[in-house]
2 protein chains.
Amino acid sequence: MAGRRRWSTEEILDAAAELLRTGDAESFSVRKLAAVLGTDSSSLYRHFRSKTELLRAVADRILLAAMDGYHPEGDWKQRITALALRVRDAFGRQPQLAAVWGRYASSGTGSRLVMEEVLQALRASGLPDDEIPVRYHRIAVLIAALIASEAHASAVAPEEREQGMELFRVAVLGADPERFPALAHFARDVRPLGADRRAAFEEILAAQLAHIEAATRPS
Amino acid sequence: MAGRRRWSTEEILDAAAELLRTGDAESFSVRKLAAVLGTDSSSLYRHFRSKTELLRAVADRILLAAMDGYHPEGDWKQRITALALRVRDAFGRQPQLAAVWGRYASSGTGSRLVMEEVLQALRASGLPDDEIPVRYHRIAVLIAALIASEAHASAVAPEEREQGMELFRVAVLGADPERFPALAHFARDVRPLGADRRAAFEEILAAQLAHIEAATRPS
DNA sequence: ACCTGAACACCGTTCAAGT
DNA sequence: ACCTGAACACCGTTCAAGT
């Protein structure tokens, strides 16, 4: 572990992916990665110009692994849904990765595989070619936002989560029925944002895809 | 400015909102806030247990200001859209606020006003009462995710943004047509995630609302 | 009783000085 | 030529010691 040797860029990426997966993903740092490798953080800056560049490379690598064994199944909507869930699982508890990927995607094979499959599915939908890029963009924005938001939420420390839940309860159950009649009426049934995440993800995406599908049918 | 006096919680919140609005919102820190107030960061911890608690309070205050002068107009879909855009504008360039709000909302009057208005709009949609809480939840998750994602993206430093754009261009324009035929085919028309944010926000939300509307009509 | 200087345990990043 | 110790400029948070 503490061996004094040179690390290849590949090895550094693998170690980073491992640390993000097993460790406390929200607190991943260049210094911790260097410590795992038995070296100083400064030496990593020979391989990457910044932490963001490192994270982008790791994100692509994780995406590549997530796409391993993927085969398109079902109609175009099922294909996009299956793909989105794969990406969601891959970044699920890694807010730092989800954030860099959600900002600009990355430039490696992993990202390309995801883009390619979504574009192919959209072609199979019957949408005219000239509408596909903008539909692709909306789907990408939606998926990236949902995944980043979930990853962020899942990394919140337990005590902060509990505080947040309590705040939500107070906001809802303590609402004055005179001033907030609808809120008071639904107080016992309204769920906090963190509840039911998987179902929310699938339903929101399904609504978006149904909207696109409507555009493929003559009105 | 450097006066040695005691600050009320109200004054601290106002100063924090001001600093978030005018300063470099992504790098807002307790220490910088203390410097603006002419005191030490440690003294702020008498008013707030943590930075998150401070940010939650500021977020609610900003939401309250954003709701000032709001009057429902149009049908239920227009009401929710107008509201979502108000919240979007309020948090637009403040990723730290958007993040805390997106995690659990907050417990103040600002959050309650937003919740109340969305719930009232949903009631006006003709949706049966027992379906409203889950629909509300999906809308809230979607809006929070989109706003946090946009706020995050807008706060990215210019040089990192340029790097990201360049990566995206390479990923798309450099894709091997043999392996990524659809990507190569659409290479010149696919837009990066950061493009066209406002239109994307409105369209994605509209798709979600159209999906809900479909549930209000007999099939 | 109230406040705060100083410290603790961290960050990302740079670069002069060493091998 | 290559590497790295030490430093720079920060963080959020705590608490003993002061007034």
Quiz item: So, is A:R46 close to the D:dC3 phosphate, meaning a side-chain N or O under 4.0 Å from OP1 or OP2?
Solution: yes

Quiz item: Atom CG of A:L33 and atom C1' of C:dC11: how far apart are they, to the nearest Å?
Solution: 14 Å

Quiz item: When rounded to the nearest Å, what value does the distance between P atoms of D:dC10 and C:dA9 take?
Solution: 22 Å

Quiz item: Relative to B:F201, does B:R88 satisfy both conditions: NZ or CZ under 6.0 angstrom from the six-membered ring centre, and within 45 degrees of the ring's axis?
Solution: yes

Quiz item: With a cut-off of 6.0 Å (strictly less than), are more than 12 heavy atoms of other residues, nucleotides or ligands near CZ of A:R93?
Solution: no

Quiz item: Between A:I12 (CD1) and D:dC3 (C1'), how many Å, whole number?
Solution: 13 Å

Exercise. With rounding to the nearest 0.5 Å, note down the distance linking CZ in A:R79 to CG in A:L122.
Key: 9.5 Å

Quiz prompt | Lys/Arg N to Asp/Glu carboxylate O, B:R169 vs B:E162, below 4.0 Å | solution = yes

Quiz item: Judged by atom type as modelled, is there a donor-acceptor pair below 3.5 Å linking the side chain of B:R112 to the main-chain atoms of A:A171?
Solution: yes

Quiz item: With sequence neighbours excluded, what pairs up with B:R197 under the side-chain hydrogen bond (donor to acceptor under 3.5 Å, both in side chains) test?
Solution: B:S149

Quiz item: Using the ring of each side chain (for Trp, its six-membered ring), is B:H152 parallel, tilted or perpendicular to A:H152, with breaks at 30° and 60°?
Solution: perpendicular

Quiz item: So what stems show up for DNA chain C if we need 3 or more Watson-Crick or G-U pairs in a row, all under 3.5 Å?
Solution: C:4-8 with D:12-16, C:12-16 with D:4-8

Quiz item: Can you check the A:W7 CH2 to D:dC2 C1' distance for me, whole Å?
Solution: 18 Å

Quiz item: If every non-hydrogen atom of A:D68 is compared with every non-hydrogen atom of A:R86, which pair is closest and at what distance?
Solution: O-NH1, 3.2 Å

Report, one pair per line, the protein and nucleotides 12-14 of chain C atoms (nitrogen or oxygen only) whose separation is under 3.5 Å.
from, atom 1, to, atom 2, distance (Å)
C:dG12, OP1, A:V30, N, 3.3
C:dG12, OP1, A:K51, NZ, 2.9
C:dG12, OP2, A:V30, N, 3.1
C:dG12, N7, A:R31, NH1, 2.4
C:dG12, O6, A:R31, NH1, 2.7
C:dT13, OP2, A:Y45, OH, 2.3
C:dT13, OP2, A:K51, N, 2.9
C:dT13, O5', A:Y45, OH, 3.3

